[in-house]
2 protein chains.
Amino acid sequence: MAGRVDVARLAGVSPAVVSYVLNGSHPVAAGTRERVVAAIDELGYRPNALARSLATARTHTLGLLLPESANPYFARLSSAIEDAAFDAGFAVLLGNGSDNAARELGYIRAFLDRRVDGIIAVPGGEFLEGWRELESARVPAVSLDRLQQGINLPSVVVDNTGGASAATAHLIDHGRTRIACITGIAEVSSAQERMLGWRETLVAAGLPAAEHRLARADFSVEAGHSATLALLARDPEIDAIFAGSDTQAVGVLRALADLGLRAGQDVAIVGFDGTPLSDYTTPRLTTMAQPYAEIATEVVRMLLNLIEDPHQERSALHRVLHTTLIPRDTCGCGPAASAPQHAPPA
Amino acid sequence: MAGRVDVARLAGVSPAVVSYVLNGSHPVAAGTRERVVAAIDELGYRPNALARSLATARTHTLGLLLPESANPYFARLSSAIEDAAFDAGFAVLLGNGSDNAARELGYIRAFLDRRVDGIIAVPGGEFLEGWRELESARVPAVSLDRLQQGINLPSVVVDNTGGASAATAHLIDHGRTRIACITGIAEVSSAQERMLGWRETLVAAGLPAAEHRLARADFSVEAGHSATLALLARDPEIDAIFAGSDTQAVGVLRALADLGLRAGQDVAIVGFDGTPLSDYTTPRLTTMAQPYAEIATEVVRMLLNLIEDPHQERSALHRVLHTTLIPRDTCGCGPAASAPQHAPPA
DNA sequence: TTGAAAGCGCTAACAG
DNA sequence: CTGTTAGCGCTTTCAA
């Protein structure tokens with residue numbers, strides 16, 4: 001592989017000049033530049049990023065730590081973040097915490113060791129030690145999707161309470177009164193806030209927000225499925241379910257089908273996240289959509305600013321974006337809820 | 001941040017000795033080692049991976065290039081690969097080709113510049129130039145999920161033809177005779193092979209494999225949806241559909257519901273991939289499951305071997321794993337196909 | 001068993 | 001405008 005010296009020799013200049021034209025950091029005579037550029041692409045020369053990083057203390061690489069990257073929501077989110085990072089000229093190292101403290105820590109260290117310029121993390125349940133290392137390493141980091149108890153890092157989240165409230169209100173508008181909630185564990189701030197939005201809205205409407213209509217489970221289809229079964233066994237009167245995530249909502253759908261109940265009619269549902277697949281469930285899932293692209297550009301923008309100037313006013317570094325209701329079939333809005341399901345073949 | 005020299009000073013040794021104990025590459029007196037180790041974790045010292053990599057020409061980092069990481073199949077796959085890489089002590093740089101030649105090339109370069117030890121790539125449609133850079137850079141690389149025309153790189157794929165054949169045979173076993181196929185574009189080898197499996201099996205059974213019952217679309221829900229609509233409009237006689245991916249199958253499900261047709265009864269369906277969500281669609285999707293964990297461990301094992309010894313026999317570097325049929329409801333096996341859909345609430 | 005010193009490939013003063 | 005030189009933080013001969 002051709003090196004900087006080869007280029008320099010071919011162009012008849014010193015190695016330093018090659019750097020100058022490469023980085024545009026120094027004035028270089030037009031003629032010289034041309035010769036260097038010609039030499040560069042004649043040799044197919046590409047600067048060694050490791051060496052450059054060692055010298056500049058910048059890797060143009062971000063670390064992204066997720067709790068479980070296979071989850072459709074996080075998959076969508078990470079894809080958006082990668083896009084934004086790519087546009088900004090950054091590569092991303094991906095880490096999968098798997099809700100496992102040791103792994104999260106392992107990835108944080110892997111990122112730190114490789115000197116990433118910044119870290120975006122969706123903190124899992126047991127992330128305290130990871131944060132500690134992060135803080136002591138003084139590497140710019142921003143918390144995404146959720147806040148971590150007692151640690152004040154810059155963050156980008158959505159208005160979970162507001163979104164949950166809108167979802168619940170929509171259910172109430174449809175005449176539902178016995179509305180259950182399935183959400184994530186209390187340690188996850190976003191899950192907790194969604195529960196709060198549900199509860200507050202119910203209370204404000206003079207409707208019961210009974211404890212036995214609240215289920216906490218992890219953000220998986222399986223959990224949504226079994227939580228629904230348990231909820232309905234405990235209280236068959238339930239006529240609507242607000243699910244704190246689309247993945248859980250898919251489990252709800254499946255559970256209703258298992259019980260022979262019609263989603264959108266017997267039991268109305270509103271999910272959360274606006275996952276791509278939510279538009280293709282049967283029936284179509286009404287959900288609170290998150291603004292993925294906006295979240296992604298905002299979080300990398302914030303991180304990049306932080307990298308430029310690490311001593312920013314912390315208070316300005318908390319962004320709250322908004323979700324929007326996408327009314328489809330499972331709430332009772334759409335046509336499909338009453339569409340022919342036993343119609344003869346076309 | 002504490003450096004190697006600080007550790008050395010604290011332990012009363014030379015910086016070189018710190019390296020010796022860190023890498024265990026050199027004999028070190030027990031007492032000395034202890035002092036060094038003590039100094040290391042008193043200072044919380046962590047070696048700079050960039051510097052180490054520059055010196056050793058090893059980054060312990062892999063590049064993973066996917067066509068679209070938000071797709072449930074690739075999300076599941078990348079999560080499995082990350083797991084395997086983590087277990088092997090490797091971090092992964094993730095790239096999202098977005099079926100865009102320029103982006104793919106951009107990521108290949110980003111990987112190469114950062115001196116990844118190896119690359120795993122699922123080639124998108126226009127990956128030729130990317131491959132070229134890959135080859136000339138002589139970096140170990142393996143092709144995943146599909147083969148790239150005319151380029152002989154090590155690969156890990158599944159037996160697509162066999163899987164598609166089994167899927168089609170299963171449909172035939174259910175008495176279906178007018179079986180359509182929706183798969184990816186012909187340029188994608190796996191999509192093509194799945195189509196072939198469908199066709200061969202039909203022919204072998206003396207059934208028609210009509211061209212007008214074949215649809216090529218990209219691997220998305222949307223595409224599966226519209227392809228189904230088109231297929232059925234063209235030929236309402238179709239009584240089964242083999243979908244070359246679960247995401248497309250989800251679109252098929254949605255399209256059938258739109259048309260008032262019952263999946264598993266009016267039209268039977270078998271998907272491909274065994275995506276986690278396939279177990280939670282309504283009705284449950286019968287599918288050919290890919291062995292994710294096995295694929296992942298195999299591909300990183302192969303890549304790691306290649307890194308150790310780049311001059312291996314090429315012929316041994318093609319692994320074909322097998323898919324397994326998971327019979328559920330959409331083929332007609334399960335109970336849900338005939339489950340009450342208009343039953344009264346429990 | 002330990003230390004000194006020469007790189008790894010690049011950037012960034014500083015001189016010229 | 002261009003070249004020299006000293007690092008960046010680590011590994012690795014080679015001597016001691």
Side-chain angles (χ1 to χ4, degrees), chain A residues 1-40 43-61 109-117 137 139, chain B residues 1-37 39-40 43-61 109-117 137-139:
Chain A
M1 189 174 291
R4 205 197 27 178
V5 288
D6 303 303
V7 175
R9 182 163 33 231
L10 181 59
V13 296
S14 87
V17 179
V18 179
S19 283
Y20 300 155
V21 348
L22 234 33
N23 315 323
S25 53
H26 237 64
V28 170
T32 312
R33 156 171 295 111
E34 274 171 29
R35 291 205 322 281
V36 172
V37 168
I40 285 178
L43 297 174
Y45 167 71
R46 309 228 86 218
N48 181 325
L50 293 172
R52 190 202 290 255
S53 293
L54 188 58
T56 59
R58 282 248 173 301
T59 53
H60 287 273
T61 302
R109 288 194 173 145
F111 293 167
L112 262 20
D113 290 351
R114 287 172 178 74
R115 297 300 186 268
V116 296
D117 292 336
V139 168
Chain B
M1 189 172 291
R4 206 195 23 167
V5 289
D6 304 301
V7 174
R9 182 162 37 232
L10 181 59
V13 297
S14 87
V17 178
V18 177
S19 282
Y20 299 157
V21 348
L22 235 33
N23 314 323
S25 53
H26 236 65
V28 170
T32 313
R33 157 171 293 111
E34 274 172 29
R35 293 201 325 278
V36 172
V37 168
I40 285 177
L43 297 174
Y45 167 71
R46 307 229 86 214
N48 182 325
L50 293 173
R52 189 202 290 257
S53 293
L54 189 56
T56 59
R58 282 250 173 301
T59 53
H60 287 273
T61 302
R109 289 194 173 144
F111 294 167
L112 262 19
D113 289 352
R114 288 172 177 75
R115 297 300 188 269
V116 296
D117 292 335
R138 312 204 148 288
V139 169

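Throughout, a chain's letter reflects where its sequence line sits, starting with A, and its residues are numbered from 1.
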Comparing Val13(B) and Ala2(A) on DNA chain C - which has the more 5′ nearest nucleotide: Val13(B)
Pairwise 5' ranking along DNA chain C for Leu50(A) and Ala29(B), keeping only the more 5' one: Ala29(B)
Donor-acceptor contact below 3.5 Å, side chain Asn48(A) vs main chain Leu50(A): yes
Which pairs would a plain distance check flag for residues 53-60 of chain B, meaning a side-chain donor or acceptor within less than 3.5 Å of a matching protein atom at least two apart in sequence or in another chain?
from: Ser53(B); atom 1: OG; to: Ala49(B); atom 2: O; distance (Å): 2.8
from: Ser53(B); atom 1: OG; to: Arg58(B); atom 2: O; distance (Å): 2.8
from: Thr56(B); atom 1: OG1; to: Arg52(B); atom 2: O; distance (Å): 2.8
from: Thr56(B); atom 1: OG1; to: Arg58(B); atom 2: N; distance (Å): 3.4
from: Arg58(B); atom 1: NH2; to: Ile307(B); atom 2: O; distance (Å): 3.4
from: Thr59(B); atom 1: OG1; to: Thr61(B); atom 2: N; distance (Å): 3.4
from: Thr59(B); atom 1: OG1; to: Arg115(B); atom 2: O; distance (Å): 2.9
from: Thr59(B); atom 1: OG1; to: Asp117(B); atom 2: N; distance (Å): 3.4
from: Thr59(B); atom 1: OG1; to: Asp117(B); atom 2: OD1; distance (Å): 3.3

First-last contacting nucleotides on DNA chain C - partner chain B, under 4.0 angstrom, heavy atom: dT1(C) to dG9(C)
Atom-to-atom span, CZ of Arg46(B) to P of dC10(D) - whole angstrom: 12 Å
Protein-nucleotide distance (Asp113(A), atom CG; dC10(D), atom C1'), rounded to Å: 13 Å
Salt bridge (Lys or Arg N to Asp or Glu O under 4.0 Å): pairs with one or both residues in residues 5-28 of chain A, sequence neighbours excluded: Asp6(A)-Arg9(A)
Sugar-phosphate only, base, or nothing, as touched by Val5(A) at under 4.0 Å among non-hydrogen atoms: nothing
Sugar-phosphate, base or nothing in reach of Ser53(B), heavy atoms under 4.0 Å: nothing
Degree of bending in the helix from dT1(C)-dA16(D) to dG16(C)-dC1(D) once both end axes are built from five pairs, to 10°: 40°
Would you be so kind as to tabulate the donor-acceptor pairs closer than 3.5 Å made by side chains of residues 10-22 of chain A, with sequence neighbours excluded?
from: Ser14(A); atom 1: OG; to: Ala16(A); atom 2: N; distance (Å): 3.3

Interatomic spacing from CZ in Arg33(B) to CD1 in Ile40(B) - rounded to 0.5 Å: 10.0 Å
Nucleotide-resolved protein contact map, nucleotides 11-16 of chain D, B/S/- at heavy-atom distance under 4.0 Å: BBB---
